[in-house]
Structures are given as C-alpha cells and as structure tokens.
Amino acid sequence: MQARMIVTLRQGVLDPAGEAVKGSLAQLGFNSVEAVRLGKVIDLELSETNEADARAKLEEMGNKLLANTVIEDFQIELL
Amino acid sequence: MQARMIVTLRQGVLDPAGEAVKGSLAQLGFNSVEAVRLGKVIDLELSETNEADARAKLEEMGNKLLANTVIEDFQIELL
Amino acid sequence: MSQKPEVNVELARSHGLTDGEYTHICDSLGRTPTYEELGVVSVMWSEHCSYKSSRLHLKKLPTEADWVLQGPGENAGVVDVGDGMAVCFKMESHNHPSFIEPYQGAATGVGGIMRDVFTMGARPVANLNSLRFGNPKNPRMRFLVEGVVAGIGGYGNCMGVPTVGGEIAFDDSYNGNILVNAFTLGVLKSDRIFRSAAAGIGNDVVYVGSKTGRDGIHGATMASEEFGEDSEAKRPRVQVGAPFTEKKLLEACLELMKEDVIVAIQDMGAAGLTSSSCEMAGKGGLGIEIDIEKVPRRETGMTPYEVLLSESQERMLMVVKEGGAEVVERIFKKWKLDACVIGRITNTGNVVVKENGEVVADLPAKLVSDEAPIYDRPSAPPDDLSERWITPELPHRSVQERLLELLEQPTIASKRWAYEQYDSSVRCGTVKGPGQADAAVIRMPDDETSPSGSNTKGIAMSVDMNGRLCQLDPGRGAAHGVLESARNLACVGARAMATTDCLNFGSPERSEVMWSFKEALEGMGQACSEMQCPVISGNVSFYNETEGAAILPTPTVGLVGVVKDVTKVPGQGFSDDGDVVLALGRLDTASLAGSELVLLETGSLRGRPNEPDYAEAKSVNTSCIQAIEEGLLTSAHDASEGGILVAIAESCIAGNKGVHLEDTRFENSAEALFGETSNVIVVTTNEKNIDRVLEIARDNQCEITKLGQVGGEALEYGDVSVSVDELRTRWDQGMVRKLGIL
Amino acid sequence: MKISVVTFPGSNCDEDAVHVARNILEVDTVSVWHEELELPPETDLVIIPGGFSYGDALRAGAIARFSPIMEAVRSYAEAGGLVIGICNGFQILVEAGLLPGAMLPNASQKFICKNVLLDVETTESPFTCELDKDSPIGMPIAHHEGRYYIDAEGLATLKSNQQIAFRYRDENPNGSLESIAGILNSTKNVLGMMPHPERASEVLLGSIDGLGIFKSVKHTVEVNS
Ligand SMILES: Nc1ncnc2c1ncn2[C@@H]1O[C@H](COP(=O)(O)OP(=O)(O)O)[C@@H](O)[C@H]1O
Ligand SMILES: [Mg+2]
C-alpha cells in the first residue's frame with residue numbers, strides 16, 4: 001500500500017525558511033503570495049493490506065519518529 | 001486561496017535520507033515499511049481567486065524556484 | 001479581544017510567585033498589579049532573570065583586574081588584549097529547552113550567547129560548548145545527543161562563527177536533565193564597547209530584528225522550575241532559531257555601531273521586551289515608555305501581555321541619539337530587517353507600557369530589576385558526605401585492560417563524530433581546532449572584520465568542569481575545574497586572563513544543593529584569584545533535576561588567555577620520532593577519587609579529591625608556557641579524565657606515533673597511572689633541547705620527570721604493548737558505539 | 001589584476017576570500033554587494049564565496065541565484081570571464097545553471113567539516129594549471145549539501161570534455177557522484193568546488209595547497225595580459 005505523510009510546522013511556530021522563500025517569490029514578481037510554510041512529505045510503501053492497520057501504524061510512526069510533535073503536526077494519506 | 005506543492009526527488013536520484021528513515025523505522029519494529037522517499041511540501045496562501053490563474057502561477061513558481069527540475073518533480077494541489 | 005484574567009494571589013502563584021513576593025509587589029505599588037504587570041514582575045523575579053537564590057553568593061567571586069574592561073553586569077565581559085583590541089566573552093546555559101527539543105533548544109542557546117556578545121559591539125569569532133548527557137544507553141539519549149549537536153552546528157555554521165572546541169561528558173545523573181552550555185568569544189576595539197544603561201531623556205527607543213510571535217512565553221519561568229510530570233504540557237513554549245536572521249542582525253548591528261547613534265543596546269533574551277526595557281531603564285536610573293502596538297508582530301491578535309513576554313529570538317532594543325532612528329532604519333532596511341521606534345526615554349523611573357495610548361503597565365524599573373527578592377537559602381552538607389569520601393577498593397586488573405577500557409568510556413572517547421558537524425575552520429583564523437590541542441587557539445585579528453592580524457598574537461580558550469569531583473567535594477572539585485582549564489591554556493602557551501562560568505545545579509530550595517552551590521563558588525573563586533583570572537561574566541542555571549534527583553553539581557568554567565606567538569603552539573599529538581617525553585609536575589599527587597577508573601570498576605563515585613596545589617599549578621603552567629614561547633615543545637597534553645596513561649595514549653593517537661615509556665616511573669600504581677587531579681602536563685621536546693627545558697622547569701621550581709621516548713608503532717610500558725591503531729579504534733568508537741550511532 | 005568577491009545576505013566566507021586574495025595572493029580585491037547590477041570594471045576573477053546565502057532555505061543557492069548581481073556574473077562568464085564558486089558559491093552556480101548538474105544534501109544528512117585530500121583531475125584549466133596531477137591537495141570541506149548529481153548523459157559529457165576538476169581521494173565524504181568535488185563549465189572559465197581552498201592558503205592554518213588554485217588564476221591572468 002502506498003501512503004503519504006505530510007509533516008508541517010505547528011501553527012504559530014516560526015518558519016524562517018518559509019519566510020525567505022516568500023521574500024524571494026515576491027522579488028521574482030509573484031506578488032500574490034501571501035504566506036509560505038515549508039514542510040516535509042514522506043512517501044512510504046507498506047506491506048499492510050488493511051487500511052485501518054496501515055493508518056494505525058502510520059499514526060504510531062508519526063508520533064514516534066517521522067514528525068517532531070513538539071513543533072510539528074502530521075497528516076496521513078493513503079493512496 | 002490555499003495551495004500545496006509537493007516536491008519529490010525524481011526517480012533514479014538516490015535518497016539516502018529516505019533509506020536512513022526506513023532503517024530507523026525498522027529498528028523501531030516497523031517491519032512492514034518497504035520503501036521510504038522524502039520530499040518537501042510547500043504550503044502557499046495566494047490572493048488569486050481563479051483556479052486556472054493560480055495553477056498557472058504555481059507552475060511557474062515551481063519551475064523557476066520551488067523545485068530544481070534537474071533532480072525534482074512537483075505536483076500542485078489547490079485546497 | 002479575550003477577557004483578561006483577574007489578578008489575585010492564585011494567579012500570582014500560577015505565575016510562579018510566592019505569596020510573599022506577591023504581597024511585596026502589591027505593597028510596593030500600593031495597589032493590585034494589572035495582568036500585564038503581574039506577567040512582567042513574575043518573569044523578572046524568576047530565578048533565571050533575578051538570580052534571587054544566587055546573587056548573594058555571586059558577589060564573592062573575584063571580578064577585577066587591570067585588564068578587565070567590563071566585568072559581570074553587562075551582556076558579556078570584556079578583557080583588554082593590547083594593541084587597541086579587546087575580547088568579549090560569556091557562556092550561557094540552555095539546558096531545559098534542549099531537553100524538550102534538542103535541536104532548537106541548542107540552536108537558540110548558541111544564537112542567544114552570540115547575541116550577548118555582539119550586543120557589546122564585538123564580532124563573534126569563536127564558539128565553544130560544554131555538554132552533559134545521561135547514560136548513552138538511555139533510550140532517549142541518542143536522540144538528545146544527535147539533536148543538540150546538530151542544533152549547535154546548525155546555528156553556528158550558518159552564522160559563520162567557527163566552533164573551535166568544547167567538551168562532552170556523560171553521567172547517569174543527567175538522564176533527565178542534560179546540560180547545554182554555549183560559549184562565544186568576540187573581538188572588538190577596546191574603546192568601542194557598547195553597554196545597556198539607558199540615557200538621555202527623550203531619546204528614542206528602537207526595536208530591531210525579527211518580528212514578535214507567541215514564542216516561548218514564560219520560558220524564563222520554565223528554566224526556573226524543575227521538570228515534573230506536567231512539563232510535557234508546557235511543550236509549545238519552545239522557540240525556533242533563525243540563524244539567517246541573526247546573521248543579518250549581526251551585520252546590521254556592527255554596521256550601525258560604526259555610526260555614532262547608539263546610546264545603549266540590549267538583546268531581548270529571556271523574558272524578551274520586558275526584561276530588556278526594565279534592565280535598560282533600571283541601569284540608567286530612568287524611565288521608558290513603550291507603545292506596545294508599534295511592536296512588529298508576525299502573528300495576529302496578540303495581546304500586550306503576550307507581546308511583553310514573548311521570547312521570540314533575534315531581536316534587540318536600542319536607545320538612540322536624536323536623529324539616530326533614521327540611521328537605524330536605513331541600515332536595517334538594507335538587511336531587510338524590521339526597525340522601528342516603539343518608545344522613548346523618560347525621567348519617571350518607571351517602565352510604562354501603553355496600548356493605543358491606554359496604560360496597561362506602569363512599574364518602577366527599580367522594583368522590577370533591582371528590588372527583586374534576594375534569598376539566603378538554607379544550606380547543609382548531604383548526610384552521606386563521609387561515606388562518599390571513603391577510599392574505594394579496586395579489583396586487581398592489568399594495566400593494559402584498564403587502559404583500553406578507559407579509552408572506550410564515552411566521556412574519554414573521541415568526540416570527532418560531534419565536532420565534525422561543526423564548521424571549525426570558517427574565518428580562516430583557527431590555529432588549533434577541535435581535537436588538535438588541549439585548548440582552542442585562534443589568531444587575533446587587527447580589527448572586527450578581517451580574519452587575520454598583522455602580528456602573531458592569538459587567543460586561547462577552553463571550557464571545563466568535572467562534575468564527578470564536584471559531587472564528592474564541590475569546593476575542591478570546582479577549583480580543580482578552574483585549574484584544569486588554566487592548564488589547558490598553558491598547553492598552548494597561554495596564561496589564563498579571565499573566566500566566564502555557567503553554574504548548573506539542582507533546586508536551590510534543597511539545602512544540600514545550596515550547600516554544594518556555595519562550596520563550589522568558594523572553590524572557584526579561590527582558584528580564579530590564585531590563577532589571576534577573574535570572573536567577568538556568567539550564568540546560573542538552577543532546577544536541573546527531575547523528580548527530586550539532581551544532576552552532579554556542574555559549575556562549568558570557560559577560561560581565556562593570550563598566546564604570544566601562534567606559530568609556536570604545539571599540538572597534543574606526539575610529533576617526531578626520538579622526541580623525549582617529559583612530565584611537568586609531580587607524579588605522586590594524582591588521586592583516584594571520583595576518577596573514571598573508579599566509576600568503571602566499582603560503578604560508584606567514591607573518594608575525596610585532593611586539595612588543589614596552586615603553587616604547583618602555577619609553576620607547571622609557567623614552565624610550559626615559557627618552554628612553548630621559546631619554541632622548545634613539540635607536543636603538550638595534560639593528564640585529566642583517565643589520568644596520565646590515557647593522556648599519553650591520546651598523544652599517540654593524535655600524532656599517530658608510538659611511545660616507549662620507562663617502566664620505573666609509576667611503580668605500576670593505579671593511582672599514579674589512572675589517578676586524576678594532578679597538575680601534570682606531558683610534553684615532548686627534541687633531544688637537543690632537553691637541557692633548556694629542564695632548566696626552565698628548575699627555574700620555576702617545577703618537578704620534571706623523563707618518561708620515555710616517542711617512536712615505533714605501539715604504546716609500550718612494562719607489560720603493556722598496544723598498537724596505536726588498536727588504541728585509536730577503541731578511542732574512536734567508544735562514544736558512538738555506546739550511543740548506538742555506529 | 002583585480003578580484004571581485006560577491007557578498008550575499010548569509011555569505012560567511014566572503015571575508016576569508018577577500019583576506020586570501022588581498023593579503024596572501026596580494027591582488028587588488030573588491031567586495032561586491034549582491035544588489036549591485038554591475039561587476040567592478042576590469043575584474044579578472046569573480047569569487048562567489050561560501051556561506052549560507054538566505055539560510056539555505058529550500059535548497060542551498062536556490063534564492064541567491066536570483067540576486068541582481070548574478071545577471072552581471074552570467075554575462076561576465078559568457079564573455080569568458082573567470083569565476084570560482086566555493087562551497088555555497090558552487091551551489092549558487094549550479095542553481096544558476098552556470099555549471100551543470102545539481103547539489104543534494106550529504107548522504108549522511110549531516111553537516112561535515114574535516115580535512116580532505118583531492119585528486120587533481122585536470123591541469124588544463126585556468127584554475128588548475130599550476131597544480132600537479134600526481135600530487136593530491138589537502139584542504140577543509142564544510143558543508144551540508146555537497147552531494148553532486150548529474151544524469152548519465154551529463155556525466156559522460158563532463159568526462160569526455162575533461163570538466164571534472166577535483167575528486168575526493170580516499171573516502172567520499174558526502175556521497176557525491178563519482179566522488180566529484182569540483183567541476184568546470186564546458187569552456188573551462190567557471191569552476192565550482194565544495195572544498196575551501198581559501199582555508200588552505202597559509203602555513204599557520206595547516207595547508208597551503210589551496211593557494212595553488214588562486215596562483216593558477218593569477219598566473220593565467222598575468223600571461224594573458
Ligand atoms: N555565575 C555568574 N558568574 C559571573 N557573572 C554572572 C554569573 N551569573 C550571571 N552573571 C552576570 O549577570 C548578568 C546577567 O546575566 P544574564 O541574565 O544571564 O544575562 P543575559 O540576560 O544577557 O543573558 C550578566 O552580566 C552575567 O555575566
Ligand atoms: Mg543578554
């Protein structure tokens with residue numbers, strides 16, 4: 001099963017890299033960009049065949065390793 | 001408008017970080033993980049109201065700055 | 001807008017104030033404080049900002065010397081190094097944040113200490129760090145070590161400030177409270193020191209740097225509480241470092257400092273805007289009025305309370321001369337940083353905060369900064385002190401076995417894995433970087449910009465402390481720490497000039513912690529006086545304990561000295577075959593008390609460290625420095641953790657050379673071979689120079705012993721014969737293997 | 001001879017490059033702010049120095065390549081002018097397309113600072129003409145994104161055209177393709193390298209092997225003028 005985890009910074013947590021990218025986009029003339037936040041995407045191939053099992057495992061992986069829950073949130077997508 | 005760009009490494013480009021994550025997951029007992037690839041997610045807030053315009057702009061941003069098309073592919077999602 | 005909570009004693013308690021402190025505030029003001037005022041006073045009176053439990057004792061430290069241009073009391077201390085130049089340095093802890101989020105905690109710690117240094121007008125040119133971790137086998141330890149090391153590198157590397165040295169030690173007592181102490185040294189012209197006391201009624205108060213967010217609100221109070229069950233819930237307080245912003249802030253500040261506009265400057269560290277404005281006003285004996293709505297923000301809907309207490313990083317507050325604000329704005333615009341006037345200096349003596357004209361806080365600056373409570377907390381030695389002092393019994397084991405196992409101890413083993421993650425050579429000034437000598441050496445530049453100098457002067461620095469010795473005898477232990485640091489400087493030819501410290505202890509509310517704190521300060525103070533290296537800056541970190549278990553007392557020190565000729569500085573590795581190996585200092589004073597060997601073989605800390613011998617320390621250091629200045633030494637390395645045999649093995653590894661030791665010297669005693677806290681420096685010299693080296697030692701009343709000769713591919717001593725490759729493998733992998741990294 | 005050293009926000013080896021060019025190589029040297037539109041007249045060498053321009057946000061060099069000065073650098077290079085990109089400078093040149101390929105994070109995912117030995121792969125360039133193919137040169141690396149990548153076709157071209165300038169000699173510290181440490185453009189007037197020659201130009205700092213690169217350029221410029 002293909003899964004995707006999207007890890008993003010929690011709301012309110014400073015994202016200096018996102019700020020720098022926003023500044024650069026503005027300089028390139030992309031003035032319609034009002035905010036930029038950077039995150040990570042983790043694409044996983046799992047041997048689970050059952051969606052619920054996969055979701056539970058991913059939840060655990062997110063909390064344990066893939067996201068730093070002190071400053072990050074994560075979302076799971078099964079593809 | 002909220003948009004999300006997913007930037008992933010092109011096929012054929014090695015992803016040692018993904019490999020390392022896979023290794024760590026295995027060490028934590030997540031043995032069902034068969035492959036891991038890491039990428040970036042870029043969340044953007046745009047002032048465009050028209051989907052087609054937004055898409056066109058994002059396409060341009062992706063090619064110009066947000067992805068390095070020598071090594072990366074990108075996908076656009078409008079939320 | 002949300003309703004403000006009602007201010008009462010309950011709320012004061014939840015802000016960490018005692019009932020007595022709350023009453024004091026009410027009495028002083030003659031009224032109930034507003035919510036904002038309560039927030040301000042509670043952080044300013046936190047242990048972290050007010051030093052309420054330590055202030056009384058810190059006063060006893062020696063802080064003066066002719067060459068000290070700025071002692072404690074400013075953002076960092078400053079020492080004159082001649083030729084119109086000075087160095088500015090300080091060390092600071094970021095222990096609690098690093099335990100919660102190691103990468104960001106360590107990164108912002110490094111960012112904070114660099115800010116302290118460039119606030120004084122100095123360009124940071126060298127970083128060091130002193131780290132303490134728990135048992136490497138502890139399940140979270142690898143994560144903590146990896147995060148802290150990456151965070152230190154992440155910030156310092158991006159700033160372009162080389163991390164040239166440091167130390168890492170492990171002990172179970174740090175399992176729940178790691179220590180991250182960051183040191184920065186900067187260079188400046190001795191007549192261009194910037195300070196923080198506000199002056200000039202009517203002058204503008206300017207805010208520069210990053211925008212304010214809800215980061216780390218009440219972080220200062222967090223550093224003033226011990227960890228408990230609920231510290232998980234306090235997590236969102238962690239701040240994220242933005243080194244790129246700080247790099248721009250550094251360049252902008254230094255550019256501005258070339259103009260004649262700054263009256264006073266203060267970084268916004270712990271307790272942010274609150275602390276900087278109160279301190280600037282308090283020190284200047286003036287008032288400050290702030291229009292809080294003018295503070296640049298990155299989040300919407302922030303209340304004055306939040307803006308006042310935010311600990312967003314990479315920000316500064318300045319008082320500027322009339323017309324200065326335009327200059328500030330011009331320069332900061334170039335660097336794409338915020339800069340705006342948010343208030344003015346008044347003659348009221350009060351810090352007044354207004355939101356759109358309406359007063360939300362009006363506090364006497366003195367009440368907040370100077371009138372913070374001072375506690376003389378009860379202290380008493382621990383009950384089991386005499387038990388701790390019992391001389392340990394050791395099993396009979398071979399010298400070779402002991403040596404090899406000691407080399408693998410994580411505290412002794414190579415730290416290469418860590419320091420290779422730090423840029424140690426940026427700025428083209430690193431003469432001796434990590435792993436090369438006992439102290440780091442950089443060359444002294446002619447001014448704040450250029451990496452090089454027109455003469456051969458250098459600056460040496462070292463951070464040290466052995467918490468195990470301090471646990472057994474805090475006074476002697478702390479003194480030995482200072483002596484070791486001074487000895488490390490001597491190994492690169494520098495005499496210690498001044499000290500910074502970072503006093504890491506458990507809860508001051510426990511009498512044995514307070515006792516160890518007072519003892520340690522006394523020992524440290526005495527050693528600093530004896531070695532003529534007064535304390536010019538520092539920091540206290542209490543409450544390093546989890547559920548009642550305190551860390552080893554760890555009063556880390558950082559010593560700095562001048563090297564006369566950087567081209568003559570030897571490394572710690574043996575250099576040439578045939579060189580004679582000599583020991584400076586008495587070989588019979590080493591003691592096994594609190595040694596790595598005892599810990600390894602008995603699993604416990606035992607013994608009483610010997611009394612420091614200052615006279616000998618001085619004669620050893622002076623001899624070493626003189627021999628280096630005359631260009632006679634090809635290597636120098638002191639005997640510290642693990643004792644003299646470990647030191648010799650390390651010199652073999654560093655120089656990739658074997659050594660043959662004459663077997664009569666140590667009478668095979670574990671004490672002599674593996675004991676610590678002696679004053680010994682192992683040096684090498686070319687055979688042709690030996691007479692002169694002996695003469696120097698004799699002139700300084702320094703005992704000197706010939707130990708053997710450099711050569712071959714193994715360390716040979718009596719029955720011991722180990723190849724340098726074997727030594728290296730053990731030592732290289734000791735730490736990483738135990739952490740599970742390898 | 002004149003050397004121009006570009007400073008971007010976040011550059012931190014710019015002063016080092018200026019120092020070596022001015023004090024060790026003894027060449028007239030100018031700092032150029034990235035917002036300038038022109039290079040100083042009569043520039044003989046442009047150095048794009050190391051550091052963390054824009055904090056390495058997104059990808060190292062990705063943002064700096066759009067700085068105003070980069071247009072001038074491009075025209076200068078296209079006209080045959082000599083350009084060296086060191087570390088972050090190499091990353092910027094690759095992002096700008098002045099050099100082929102791309103740069104990825106180190107295989108270890110860690111920042112690496114250590115001394116490395118480099119094999120000199122070609123002496124047929126203005127930057128390496130004074131070096132010796134049989135004597136490896138030693139200098140520090142200090143980077144987080146130094147894993148050079150190029151597709152198979154590009155690699156073949158690099159090889160056939162002798163555009164590989166340096167390779168890591170003993171171990172490959174960052175997972176770079178074929179241990180590539182530095183490359184030249186097809187016309188050999190642009191060099192990008194991850195190692196820091198400016199940190200290896202004085203005996204006091206442990207190596208003077210890096211100075212050979214700057215001396216090669218000085219020699220080239222002097223011969224041509
Ligand atoms: N243990 C100590 N020894 C010497 N000076 C100290 C010590 N602790 C604090 N200081 C001095 O007290 C002042 C306040 O320290 P601190 O609150 O850490 O400053 P900052 O807010 O700038 O980080 C500084 O001048 C510091 O050098
Ligand atoms: Mg400060």
Side-chain angles (χ1 to χ4, degrees), chain A residues 1-11 13 15 17-51 53-68 72-75 77 79, chain B residues 1-11 15 17-51 53-68 72-77 79:
Chain A
M1 189 180 300
Q2 271 298 123
R4 169 165 284 179
M5 188 176 291
I6 304 276
V7 181
T8 48
L9 280 176
R10 286 196 167 180
Q11 237 205 331
V13 174
D15 179 12
E19 285 298 313
V21 171
K22 186 186 154 202
S24 178
L25 285 171
Q27 205 132 47
L28 290 175
F30 296 105
N31 296 313
S32 63
V33 179
E34 287 166 355
V36 179
R37 307 272 289 170
L38 301 186
K40 275 178 286 195
V41 44
I42 305 164
D43 284 329
L44 304 109
E45 214 172 296
L46 303 174
S47 63
E48 269 85 7
T49 46
N50 172 311
E51 289 222 350
D53 286 357
R55 234 172 237 290
K57 277 271 186 272
L58 286 163
E59 193 75 38
E60 210 188 324
M61 292 181 211
N63 281 314
K64 266 197 165 148
L65 180 77
L66 300 179
N68 178 353
E72 294 170 334
D73 288 324
F74 64 92
Q75 289 159 253
E77 294 169 21
L79 312 178
Chain B
M1 190 178 303
Q2 272 298 123
R4 171 166 283 177
M5 187 176 291
I6 303 277
V7 180
T8 47
L9 280 178
R10 287 200 159 181
Q11 249 193 342
D15 179 17
E19 286 299 311
V21 168
K22 188 185 154 202
S24 304
L25 284 171
Q27 221 160 26
L28 291 175
F30 295 106
N31 298 314
S32 63
V33 179
E34 288 166 354
V36 179
R37 303 270 294 170
L38 301 186
K40 277 178 267 194
V41 43
I42 305 163
D43 283 330
L44 302 110
E45 214 173 294
L46 303 175
S47 62
E48 270 83 7
T49 47
N50 173 311
E51 288 222 351
D53 286 356
R55 237 174 234 290
K57 277 271 187 273
L58 287 163
E59 194 74 39
E60 208 187 325
M61 291 182 214
N63 283 313
K64 233 182 171 172
L65 174 72
L66 300 180
N68 178 349
E72 294 168 330
D73 290 321
F74 64 92
Q75 288 160 254
I76 293 165
E77 293 170 21
L79 313 177

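Quick caveat, the model's predicted, so the values are computed rather than measured. Reminder, nothing fancy here: chain letters follow the sequence lines and each chain counts from 1.
Contact annotation for Ile6(A): only side-chain heavy atoms (C-beta onward) come within less than 4.5 Å of a heavy atom of chain B. In this structure, chain A has heavy atoms under 4.5 Å from both the backbone and the side chain of Glu60(B).
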Go through the steps to decide whether Val33(A) and Leu46(B) satisfy the test side-chain contact (heavy atoms from CB on, under 4.5 Å), and finish with yes or no.
CA-CA 5 Å; Val33(A) 179; Leu46(B) 303 175; 3.8 Å; yes
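You'll find the side chain of Thr8(A) reaches within 4.5 Å of the side chain of Arg4(B), heavy atoms only.
Going from atom CG of Leu66(B) over to atom CZ of Phe30(A) covers 8.0 Å, rounded to the nearest 0.5 Å. Put simply, CZ on Arg37(A) and CD on Glu45(B) are 10.5 Å apart, with the number rounded to the nearest 0.5 Å.
By the side chain to side chain contact (heavy atoms under 4.5 Å, CB included) test, Ala17(B) pairs with Asp15(B), Leu38(B), Gln109(D), sequence neighbours left out.
Chain B forms the most heavy-atom pairs under 4.5 Å with one residue out of Ala3(A), Ala35(A), Gly18(A), and that residue is Ala35(A). Interface check for chain A: of the options Lys64(B), Met61(B), Met1(B), the most heavy-atom pairs under 4.5 Å are formed by Met61(B).
Contacts of residues 20-29 of chain A with chain B at a heavy-atom distance below 4.5 Å involve Val21(A), Ser24(A), Leu25(A), Leu28(A), listed in sequence order.
Residue-environment remark: NZ (Lys40(B)) exceeds the threshold of 12 foreign heavy atoms within 6.0 Å.
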